Amino acid sequence: AIDAYYRGRIDTLTERMGAQYAGLSSVLCQRASLCVGAADLASGDQGADLVATARKYLASALELSRNTKWYVSVLWAAAPVFEWLGDQTQAIQIHRLAVETCKTMVAEHPNDLAVLLKYAGSTIAYVQSRMIGLSSNPPPELLDELLSFVDDPEKIYKKHKETLNECFMTLRLLQAQLLLKRGKVADALDVCERAELALVTKEYNFQMCQIRTGPGVKSEELGKPTRIEDVNMNQMLRILEVRAEAYLFSGDSKHAVEVYTRIQDLHRRYFGETSLAYANSLTNLASAHVIGDAANSAEARERAIELYRRALHLKRQSSLQNPVSIAQSAYNLATLLAKNGEFEEAFPVGMLCLEIREEHLPSPDMNTFNILFLQATIDENLQKMDLALEHLQKAELLLGQLVPPAHPLVQHVRQTLSALQQRLDPSAAAPSAGPSADELSQQGIALAQQGRLEEALPFYERSLAKQPNPLVMYNLAWALCQLPGRMDQAVQYYCGSVGLAQQFGMGLVHMVISQLKQETKDGCRALLQHPNVVHL
């Protein structure tokens, strides 16, 4: 019905104003958004057709609106659609184009409030889009570039603080987050403190989103309790959260706990003790108790455990369940319980985390490895040896997909696994003739890392002769893949590694396919048709 409405609007405007009417662009963007939403519910060819239609409408909208008053609005509408399509690069380019277009408009109309607001919104959207997916150590030059985008409009907004303060405050918070990522903790805290002071002293009159919050937020900067009657509570919470992140970043548990306690109190009073917002604030407060100098305090751990218990209970009871959030709370709780030696309680919590990750988050990542390794430790302390072995083997296989073979963590996991296998079967520790399968595999890996692939092959083959292992088969297949004319052999070993690792599910298959796609379509097709893979 909605689609029929948009098609009708497009037909009517085209008939009355012509196919080149720039005003069509906004309706085309709306229909593109609808197509993307429908594609999520569709499958196969239908979903692909809807995505193609969305892209076609977006291209038409951008072309029609160029050099018209609708252009910025169309850019704003198009960028999120590209983000939904998974094309973050295109979305960032559109956000950047919106900023540049608005900057030109500001130069032409420096006192036009609507133009300044568009400039603010474009800048915020661009910086936020660039911050999506930033690594824990992003390039300093990227952070400096984003900071320059924040600084430029801030100078303009200071002249209009009575009307542009909402955008101004958002820019301040972005500035604090970027400074924090840049490692400038003191500067980030200074920005947050000035923003909070401006908020509680009503230096800025938030006209765009007022919320009556009642009495009672204490301002440390003012040194006395302050009544806040017309404060944007969302902005206040965001300021406090960035401040808390800065304290966490610097390992300052004392101040992080103080700020997160304020956040928890605000969530409890204004959103209720059963809200997800309150549950998340409990999780953050628990994390703050066990950082820095407080990490080894038994009292701090007990307090954190209690907070994690409450947070996990609330998240599981909520009608708006977030699997990622629940899994993270379960992992945090299981970690502290294990550290306290409370393995009986830790066991079901860890298993809950594993079940959620396997059901809702099947893609391999370090979080899944961490919970597998933790659960193996819990299993072993409870004398559940077979289960511990299963979890350690899964952890080893998963780690092989995430880090290079020479990574120190790989060796640590292998040593842990070897020690557990010897406990289960002491006879396996008896001296054997020649190097062990693991030693042979390590020699092969060392040679492969030096580029001596031909020399590595016999070590892998001897290792497999002693003890079949899917990871060794994978390493052998990888080495063969790099050598000319050896792809057929590589495919055979890839298929064998999948066959040996069926208990690990699809993780290894995805890894193998990603490797083969770089080399040959025929090899990828042969793998996909292999009975072991078809069975999986």
Side-chain angles (χ1 to χ4, degrees), residues 131-132 134 136 173-174 176-181 185 188-189 191-193 195-196 199 213 216-220 232-297 299-318 320-337 339-340 349 352-353 356 367 370-371:
M131 290 177 71
I132 292 173
L134 277 185
S136 55
L173 291 171
L174 283 174
Q177 290 173 307
L178 289 165
L179 287 167
L180 189 55
K181 288 184 179 293
V185 178
L189 284 170
V191 171
C192 289
E193 287 168 4
E196 185 179 355
L199 197 63
T213 60
V217 178
K218 182 179 180 182
S219 168
E220 295 170 355
N232 183 325
M233 189 52 57
N234 287 328
Q235 291 284 17
M236 172 62 80
L237 288 167
R238 287 178 63 200
I239 293 169
L240 293 175
E241 283 163 2
V242 177
R243 284 186 64 193
E245 285 176 28
Y247 288 128
L248 286 175
F249 186 88
S250 61
D252 186 345
S253 176
K254 178 177 179 292
H255 286 98
V257 167
E258 288 178 1
V259 178
Y260 275 127
T261 300
R262 287 181 63 188
I263 294 171
Q264 177 205 11
D265 183 55
L266 290 172
H267 277 124
R268 179 182 58 77
R269 284 194 286 161
Y270 301 117
F271 301 106
E273 292 190 7
T274 59
S275 66
L276 273 179
Y278 180 67
N280 289 329
S281 70
L282 292 175
T283 299
N284 292 331
L285 179 56
S287 301
H289 274 285
V290 285
I291 62 164
D293 296 337
N296 297 315
S297 164
E299 182 181 352
R301 281 203 304 273
E302 287 294 342
R303 175 64 178 149
I305 285 172
E306 180 55 34
L307 288 166
Y308 278 135
R309 282 196 190 108
R310 289 168 59 195
L312 181 59
H313 174 74
L314 288 173
K315 290 179 182 182
R316 295 185 70 188
Q317 295 297 313
S318 171
L320 300 173
Q321 293 197 2
N322 182 332
V324 176
S325 182
I326 294 174
Q328 188 60 48
S329 290
Y331 172 71
N332 292 337
L333 177 56
T335 300
L336 286 185
L337 288 170
K339 196 168 185 178
N340 259 16
V349 178
L352 170 67
C353 181
I356 291 172
N367 289 324
N370 289 336
I371 185 59

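Quick caveat: nothing in here was measured; it's all calculated off a predicted structure. Side chains included, hydrogens not; waters and symmetry mates left out as well; all remaining heavy atoms used.
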Does Leu314 have any side chain to side chain contact (heavy atoms under 4.5 Å, CB included) partners at least two apart in sequence or in another chain, and if so, which?
-> Tyr278, Ala279, Leu282

Please report the shortest heavy-atom distance between His289 and Ala304, naming the atom on each side.
-> CB-CB, 4.2 Å

Does some side-chain heavy atom of Thr261 sit less than 4.5 Å from a side-chain heavy atom of Glu258?
-> no

Return the minimal non-hydrogen interatomic distance between Ala288 and Leu248, and the atom names on each side.
-> CA-CD2, 3.9 Å

Contacts of type side chain to side chain contact (heavy atoms under 4.5 Å, CB included), residue Thr335, not counting sequence neighbours = Tyr331, Leu374

Taking it one step at a time, do Leu266 and Arg269 satisfy side chain to side chain contact (heavy atoms under 4.5 Å, CB included)?
-> CA-CA 5 Å; Leu266 290 172; Arg269 284 194 286 161; 3.7 Å; yes

Residues which pass salt bridge (charged side-chain N to carboxylate O under 4.0 Å, His left out) with Arg238, listed by chain and number, not counting sequence neighbours = none

Could you walk me through whether Glu241 and Ile263 pass the side chain to side chain contact (heavy atoms under 4.5 Å, CB included) check?
-> CA-CA 8 Å; Glu241 283 163 2; Ile263 294 171; 3.7 Å; yes

Please determine if Asp265 and Arg262 form a salt bridge, counting it only when a charged side-chain N lies under 4.0 Å from a carboxylate O.
-> no

Under a 4.0 Å N-O cut-off, is there an ion pair linking Arg303 with Glu306?
-> no

Distance-minimising heavy-atom pair for Ala246 and Val185 = O-CG1, 3.6 Å

Contacts of type side chain to side chain contact (heavy atoms under 4.5 Å, CB included), residue Asn332, not counting sequence neighbours | Thr283, Tyr308, Gln328

Residues in salt bridge (charged side-chain N to carboxylate O under 4.0 Å, His left out) contact with Glu302, at least two apart in sequence or another chain | none

Passes side chain to side chain contact (heavy atoms under 4.5 Å, CB included), Asn280 versus Lys315? Steps please.
-> CA-CA 8 Å; Asn280 289 329; Lys315 290 179 182 182; 3.3 Å; yes

Between SG of Cys192 and CG of Leu173, what distance do you get to the nearest 0.5 Å?
-> 6.5 Å

Nearest-0.5 Å distance that lies between atom OG in Ser329 and atom CZ in Arg316 | 11.0 Å

Taking C-beta and beyond as the side chain, do Val349 and Leu312 meet within less than 4.5 Å on heavy atoms?
-> yes

Drop me the distance from Asn340's CG to Arg301's CZ, to the nearest 0.5 angstrom.
-> 4.5 Å

Nearest 0.5 Å please: distance from the CG atom of Leu285 over to the CG atom of Leu307.
-> 5.0 Å

Interatomic distance, OH@Tyr247 vs CG@Asp252, rounded to 0.5 Å, equals 7.0 Å

Measure the spacing between CG of Leu333 and NE2 of His313 and express it to the nearest 0.5 Å.
-> 13.5 Å

Looking only at non-hydrogen atoms, find the nearest pair between Cys353 and Ala327 and report the distance.
-> SG-O, 3.2 Å

